[in-house]
Amino acid sequence: MLTKTPLFVHFLAAFAIAAVLPMLLPSYVLATEILLFGLAVIGCNLLLGYTGLLSFGQALFFGSGSYFAGLMSIHLNLGIVPTLLITMALGALIAILVGVFAIRRAGIYFIMLTLAFAQLGYYIAFLAEPITGGEDGLLDIQRPALSIPFVAKFEFDSDFSFYALTGAIFIVVFVLMQRLVKSPLGTVLTAIKQNEARAEAIGYNVKLYKIVVFAFSGSVTALAGALYAFMLKFAPLSNIDLETSSQILFMTILGGLGSIYGSVLGSAVFLVASDFFAELWPRWMILLGLLLIFVMLYMPGGVSKSLEDLFAKISAAKDQRGKKP
Amino acid sequence: MNTLSKFLIGCASAVALGAPAVQAEDKELTINIVASMSGAFANFGLQAEKGARLAIEEAGEAAGMTLNMVVIDTESNAGKGARKVQADLSEHGPGIYVGTTLSSTALAVGQAVHDAGGVYINGGGADELTGEKCNASMYRWSAPTYGAVNASLRPVLEAHPDIKRVYTITPQYVFGEAMLSNAKTVLEEQGIEHVGNSYHSLKDKEFSGFIAQAQAANPDLLILLNFGSQAAASMQQAVNFGLKDRMKILMVWSSGLDTMQSLGSDVSDGVYFGAQYWHEEEAAGNQSLVALTQAKLGEAPNYPLASYYQMTKIMIDAVNATGGADPDALKAHLAGYSYDGITGTETVAADNNQVEKNFYLLLGKDAASKADENDFADVVSKGKFFLSAADAGCVK
């Protein structure tokens, strides 16, 4: 779906998602969380959905982003744009470091290496209590303002204004990622996913491409972590733990591999379902588990693929009806 | 109205009107119960919910408004708890929030509620909650780590002057650090050697390595500074390793009856337990809770149930007293408020919002000495130990 769609249409679609989401949900906070986790899932999808790299290390990028952005807001007060750009650069740097080592192995060993790096990050954050707050999390984070010299200064104290900021960032990243996956780079990534040996045989530097995609993934995921820290006004240690990696991975698979739209859908379905089930039954995680089992068994391409199939069937049925005399 | 209903109504509204859904909630007051219903401390949350529900059902209404209870599951995770409370505040505006025992969650939730202008009472233990991180909207019912350590460790040391060497096992987060710091202060003051400490994380479930380290240090007293299932697991493993026969053991922050039921008399016999609440307290406020719990649930109240009952009741009583749920009026009423609580007379300190209440030191007894199935321990002592706002570093 939408493979040959102009970028402008993707821009309109992202804008529509950001505009409509708060109308459908009970709070701006949940809408903000869906968009920012949508970004984290896009980061994961770049690795898993487009390149075939199953990473259990996404929480390392997400949590690092939270800490970097939180610490910068507390100690440097640089403003929102420099803070987020530096966070993205640092996220990319960490991802490159992980990528350089992890891609030396494939399959289960690659997965274990990403897991090991994530655990390493977790315990560093846990032990660096004077810097990160340890198990208590990093408290007293303030949302930096957007200052345009001689023009205006925008604060993001209200839920609405912070949602507007997150929505604007989401639209930009969404469009850029659509551009990325449709670019020659994206084509090579898909080739690597489909047949790594053949991609290498025809002259592509597969290792370099993998490191590049790690950098993009780390950068976008760190951005999501930064926004999460600003939303909560603190950075919990759980941002960098294994559960966060699993959650991002679940959302990715739930939404659909190899789909930027599916990334947002996966985030939305997971978070809305979690909140809904939590209100139904204290042991709601059983229900969430059942939902995931159902999706894995009966919607193997994820929710986005199932929706595509549904639209295709409806369209085909209409065509059939149109051909009848 | 649940999230999915709101989502569906939102869809319909957006399609039909292009506007968000609006919900009507006339003459109804919602008390938001913040509890760990899932995750590592889920068992605590399930009991806590019972306590809050008892208080709400007992009152039925407050200031002419029907009471409604909404449970916010923190998932035993500070980030998720804070996010859900923020979402609730964003949706419904400043309201009344009750609960959580995890200090890290309480700190985050307390800040979110304060920023939004609501009222929040919790059962966290870290001194910061009514100390450096205090704020005008956050109240704490439980005795802080300072009170717990002083009310439990001092009587144990007085009863056993032969104790010269002490080992501690501590969870490495704000609560544990505060417990350890207070314990060290008492030990130093009494001239007792602190021969070692083992840190563990909130995720640890296996403590045998820490127990072995404690055993190797050969202390006269082992102090467990963790709580909940971690405290019970470390106590169980310490007894399995035979430490009870070689040294005294003190679990400073037990859940009282809940902990002893899970451990059984074989383990708890001869062990000291600090407790925020004990169901055999003779205060009138407690006797009515015991009767209510027995009548409604057919069981004796434990700490999670009792603490959430009391915290919820404080808020309901404040609503009745002020004739509404205006947060500023509630705060004004609570300053210096004194009442007959489940631990005797309890008073809300006006300067740092700490509820000053009794903390118990219990000594586990053997099965043959029990008067009934819940008579696991005798009360050795009870007392109130609280820092002043200035000493705690609270500037509201």
Side-chain angles (χ1 to χ4, degrees), chain A residues 19-33 63 66 122-123 126-127 129 133-137 139-141 157-160 162-163 228-229 231-239 241-244 247 268 271-286 288, chain B residues 1-11 13-14 18-21 23 35 37-39 42 45-46 49 70-73 75-92 103-105 107-108 111-112 115-116 126 128 133 171-177 201-203:
Chain A
V20 169
L21 213 46
M23 296 183 194
L24 305 181
L25 295 166
S27 72
Y28 282 114
V29 176
L30 183 56
T32 307
E33 195 180 20
S66 291
Y122 173 84
Y123 280 101
F126 175 67
L127 293 172
E129 191 262 336
E135 195 102 39
D136 309 336
L139 294 157
D140 301 326
I141 293 175
D157 292 333
S158 72
D159 293 335
F160 169 74
F162 189 69
Y163 178 76
Y228 194 53
M231 184 185 89
L232 295 177
K233 296 183 181 172
F234 96 112
L237 182 64
S238 59
N239 278 1
D241 71 6
L242 181 58
E243 196 183 326
T244 298
Q247 188 173 306
L271 292 170
V272 171
S274 297
D275 272 20
F276 171 59
F277 290 147
E279 288 171 12
L280 278 185
W281 188 31
R283 300 303 191 201
W284 60 275
M285 283 191 176
I286 293 174
L288 190 64
Chain B
M1 199 182 291
N2 60 42
T3 303
L4 189 64
S5 308
K6 288 166 200 161
F7 180 73
L8 294 174
I9 290 172
C11 286
S13 304
Q23 55 173 328
M37 304 304 292
S38 55
L46 293 174
E49 187 200 5
V70 168
V71 178
I72 297 174
D73 178 11
E75 302 176 37
S76 307
N77 177 314
K80 289 181 179 171
R83 194 279 286 169
K84 288 182 181 180
V85 169
Q86 278 187 2
D88 192 83
L89 287 161
S90 169
E91 187 182 354
H92 298 116
S103 300
S104 51
T105 307
L107 283 167
Q111 190 59 53
D115 289 347
E128 286 92 328
K133 302 287 182 189
Q172 195 168 25
Y173 74 115
V174 64
F175 167 79
E177 295 289 2
S201 85
L202 266 180
K203 290 186 181 301

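All values below were derived from every heavy atom in this structure, side-chain atoms included, with hydrogens, water molecules and symmetry-related copies excluded. Just so it is clear: chains get the letters A, B, ... in the order the sequence lines come, proteins before strands, and each one is counted from 1.
- The distance from atom OG of Ser90(B) to atom CZ of Phe162(A), rounded to the nearest 0.5 Å, is 12.5 Å.
- Per-residue heavy-atom pair counts under 4.5 Å with chain B were compared for Ala31(A), Ser238(A), Ser274(A), Gly134(A), and the maximum is reached by Ser238(A).
- Nearest approach of Ser201(B) to Phe126(A), heavy atoms of both residues: CB-CZ, 3.6 Å.
- Contacts between Tyr228(A) and chain B at a heavy-atom distance below 4.5 Å involve the side chain alone, from C-beta outward.
- When all heavy atoms of Gln86(B) and Val29(A) are compared, the pair lying nearest together is O-CG2, 3.7 Å.
- Once rounded to the nearest 0.5 Å, the distance linking CG of Asp115(B) with NZ of Lys233(A) reads 4.5 Å.
- Taking Tyr28(A) as the reference, Phe160(A), Tyr163(A) meet the ring-ring contact (aromatic ring centres under 6.0 Å, His included) condition, with sequence neighbours excluded.
- Contacts between Asp136(A) and chain B at a heavy-atom distance below 4.5 Å involve backbone atoms as well as side-chain atoms.
- Contact of Asp157(A) with chain B is not made at all, since no heavy-atom distance falls under 4.5 Å.
- In terms of the salt bridge (charged side-chain N to carboxylate O under 4.0 Å, His left out) criterion, residue partners of Glu75(B) (sequence neighbours excluded) are, by chain and number, Lys80(B), Lys84(B).
- When heavy atoms are compared at a cutoff of 4.5 Å, Ala112(B) does not approach chain A at all.
- For chain A, no part of Thr105(B) is nearby; none of its heavy atoms comes within less than 4.5 Å.
- If you measure heavy-atom distances from Leu237(A) to chain B, you find no contacts under 4.5 Å at all.
- Atom CD of Gln111(B) is separated from atom CG of Asp140(A) by 6.5 Å, given to the nearest 0.5 angstrom.
- Contacts of Leu139(A) with chain B are made by side-chain atoms alone, with heavy-atom separations under 4.5 Å and no backbone atom involved.
- Side-chain contact between Glu129(A) and Gln172(B) is absent, with no heavy atoms from C-beta onward closer than 4.5 Å.
- Of the residues considered (Asp241(A), Asp159(A), Thr32(A), Leu232(A)), Leu232(A) shows the highest number of contacts with chain B, using heavy-atom pairs under 4.5 Å.
- Neither the backbone nor the side chain of Asp88(B) has a heavy atom closer than 4.5 Å to any heavy atom of chain A.
- Of the listed residues (Val71(B), Leu46(B), Val85(B), Leu107(B)), the greatest number of heavy-atom pairs within a distance under 4.5 Å of chain A belongs to Leu46(B).
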